[in-house]
Amino acid sequence: MAVAVYSHPGCAGHDPGPGHPEAPRRIGAVLAALAAVPGAELRTALAAVPDIILTAHTPAHLASLSAAHAAGGRALDPDTVMSAHSWDAMLGALGAVLAAVGHGHGGASHAFAAVRPPGHHAFADRVMGFCLVNNAVIAARRFQALGRRRVLIVDWDVHHGNGTQALVEHDAAVRFVSLHQSPWWPFSGAAAERGVGNIFNVPRPPGLAPEQYVRDLWLAVEAATTGWTPEAVIVSAGFDAMAGDPLGGFTLEPRHYRILTERLRERMPDTPIVGTLEGGYVPGKLAKGAAAFVTALA
């Protein structure tokens, strides 16, 4: 089965500055690796229109981003920068995410949005942690608008998707499963945080055997989907949980992402899976992790 990989040239234009870990070279490494994956079809998406941001964010948030763009860019918080071309990157990334959702909804196959900047730390009304807008939640809202009301979001980035949780924790039609390092930035994601019964956090310390991380995440996926079958699955596909990433202390290798993805396909064989790129800050490792994920989708 072919897997559509959507991206946009603008994603390479977002430049947080020298030494910033969320560097433009990340996307180049990912796309080069995915071009060599059998069954992966690289496609260029059209940029999204700004109003799509309002499906997950407040008008004030969109206005703030627009004002920063009009000013030529600026630092929005200590970690998150909007450069001269970040607006185009953001809309290009959202266009790729929406194209991936449309592809999955149409039943053609699974899909992956190879995009930056990432999104899972963005709240309704503020940026955070390199993220301008929440790509995964905007994808979920598009699936729901298309009639796929029950959406499962699986986040295996090493950092808790605090923005995603905040945006969906009152929506019983969306279930959020997050494996993340704890204690670790952003210092959220306790197992006791359950939302309306739709939040399944898996906080774990660094340095465990990779098989334990896989097992514990999978147990949470099983708990989230027992007696509840999603109509769409979104993977917040961060690869900073790989061994050696400078922003985390987990020990996963590419094969573990392949195992998890194959299990998702087996458990929900008739459900479209759409991945959107989150973290991963060693470009070579990031590329191998993304390739393993797309290989398993295919």
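Starting from 1, each residue takes its place in the sequence as its number.
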*So, are Arg149 and Glu231 salt-bridged, with charged N and O less than 4.0 Å apart?*
no
_Value rounded to 0.5 Å, distance of CG in Leu208 from CZ in Arg204_ = 8.0 Å
*Are Leu179 and Val233 connected in a single hydrophobic cluster, I mean Ile/Leu/Val/Met/Phe/Trp/Tyr linked by side-chain heavy atoms less than 4.5 Å apart?*
yes
*Is it true that Phe250 and Val282 fall in one hydrophobic cluster, defined by side-chain heavy atoms closer than 4.5 Å?*
no
Could you give the side-chain donor-acceptor pairs of residues 284-298 under 3.5 Å, partners two or more places apart or in another chain?
| residue | atom | partner | partner atom | Å |
| --- | --- | --- | --- | --- |
| Lys285 | NZ | Ala243 | O | 3.1 |
| Thr295 | OG1 | Ala291 | O | 2.7 |

_When you group the ILVMFWY residues by side-chain heavy-atom contacts below 4.5 Å and let the links chain together, are Ile273 and Val154 in the same group?_
yes
*Side chain to side chain, Val235 and Thr276, heavy atoms closer than 4.5 Å*: no
*asked:* Just so I know, are the side chains of Phe130 and Glu278 near enough to count as touching, which here means a heavy-atom distance under 4.5 Å?
replied: no
*Taking the six-membered ring of Phe239, is NZ or CZ of Arg26 closer than 6.0 Å to its centre and within 45° of its axis?*
no
*Yes or no on side chain to side chain donor-acceptor pair (under 3.5 Å) for His105 and Arg148, after CA distance, side-chain angles and deciding distance?*
CA-CA 8 Å; His105 174 69; Arg148 294 180 182 265; 2.9 Å; yes
*Within 6.0 Å of CG in Leu46, more than 12 heavy atoms from elsewhere*: no
_Heavy-atom donor-acceptor pair, Asp240 side chain to Gly248 backbone, under 3.5 Å_ = no
*Would you name the heavy atoms of Gly189 and Asn201 that are closest together and state the gap between them?*
O-CB, 3.3 Å
_Atom pair CG (Leu217) and CD1 (Ile259), whose distance is rounded to the nearest 0.5 Å_ = 12.0 Å
_Cluster link Trp156 to Trp184, ILVMFWY, side chain under 4.5 Å_ = no
*Kindly indicate whether the side chain of Leu167, heavy atoms from C-beta on, has any atom under 4.5 Å from the side chain of Val174.*
no
*Can you name the closest pair of heavy atoms from Asp77 and Asp79 and give their distance?*
OD1-N, 2.8 Å
*Angle class for the His159/Trp185 ring planes (parallel below 30°, perpendicular above 60°, tilted otherwise)?*
perpendicular
*Could you pull out the closest heavy-atom pair between Ile138 and Ile53, with the gap in Å?*
CD1-CA, 4.1 Å
*asked:* The test is side chain to side chain contact (heavy atoms under 4.5 Å, CB included); show your working for Val133 and Leu65 and say whether it passes.
replied: CA-CA 9 Å; Val133 295; Leu65 295 173; 3.7 Å; yes
*Might you point out which heavy atoms bring Thr251 and Tyr213 nearest each other, and give the distance in Å?*
OG1-CE1, 3.4 Å
*asked:* Tell me if a side-chain donor or acceptor on His61 pairs with a main-chain N or O of Ala56 at a distance below 3.5 Å.
replied: no
*Rounded distance [0.5 Å steps], CD in Glu22 versus SG in Cys131*: 8.0 Å
*Return the minimal non-hydrogen interatomic distance between Ala140 and Ile153, and the atom names on each side.*
CB-CD1, 4.3 Å
Sequence neighbours excluded and cut-off under 3.5 Å, please list the side-chain donor-acceptor pairs for residues 85-96, or say none.
| residue | atom | partner | partner atom | Å |
| --- | --- | --- | --- | --- |
| Ser86 | OG | His14 | ND1 | 2.6 |
| Ser86 | OG | Ser83 | N | 2.7 |
| Ser86 | OG | Ser83 | OG | 2.9 |

*asked:* Is there a continuous path of hydrophobic side-chain contacts, each under 4.5 Å between heavy atoms, that joins Val3 to Leu277?
replied: yes
*May I ask you to test the Arg142-Thr55 pair for a side-chain heavy-atom distance under 4.5 Å?*
no
*Where do His121 and Asn162 land on the side chain to side chain donor-acceptor pair (under 3.5 Å) test, with the steps shown first?*
CA-CA 5 Å; His121 296 306; Asn162 55 338; 2.8 Å; yes
*Give, for atom CZ of Arg255 and atom CG of Leu260, the distance between the pair rounded to the nearest 0.5 Å.*
12.0 Å
*Verify side chain to side chain contact (heavy atoms under 4.5 Å, CB included) between Phe176 and Leu152, making sure each step is shown before the conclusion.*
CA-CA 6 Å; Phe176 178 59; Leu152 172 68; over 6 Å; no
_Could you list the cluster mates of Val81? Members are the ILVMFWY residues connected by side-chain heavy atoms closer than 4.5 Å, either directly or through other members._
none
_Exam field: side chain Thr226 to backbone Glu222, donor-acceptor pair closer than 3.5 Å_ = yes
*Taking the side chain as every heavy atom from C-beta outward, state whether Val137 and Val168 have any atom pair closer than 4.5 Å.*
yes
*asked:* Return the OG to CG distance between Ser7 and Leu42, rounded to the nearest 0.5 Å.
replied: 8.0 Å
_If you compare all heavy atoms of Gly161 against all heavy atoms of Ser178, which two are closest, and at what distance to 0.1 Å?_
N-OG, 4.1 Å
*Quick one: do Glu169 and Val196 satisfy side chain to side chain contact (heavy atoms under 4.5 Å, CB included)? Show the steps, please.*
CA-CA 6 Å; Glu169 62 187 352; Val196 292; over 6 Å; no
*Would you mind reporting whether Leu98 and Tyr6 have side-chain heavy atoms less than 4.5 Å apart?*
no
_Using 0.5 Å steps for rounding, measure from the CZ atom of Arg263 to the CZ atom of Arg267._
11.0 Å
*Quick check: does any side chain N or O of Thr225 sit under 3.5 Å from a backbone N or O of Val221, one acting as donor and the other as acceptor?*
yes
*asked:* Could you tell me if the side chain of Asp155 sits less than 4.5 Å from the side chain of His120, heavy atoms only?
replied: yes
*asked:* I want to check something: taking the side chain as every heavy atom from C-beta on, are His57 and Asn134 in contact at a cut-off of under 4.5 Å?
replied: yes
*Does a donor on one side chain and an acceptor on the other come within less than 3.5 Å for His160 and Ser188?*
yes
*asked:* If you apply the rule side chain to side chain contact (heavy atoms under 4.5 Å, CB included), what do you find for Ser236 with Asp157, and how did you get there?
replied: CA-CA 7 Å; Ser236 269; Asp157 190 280; 5.8 Å; no
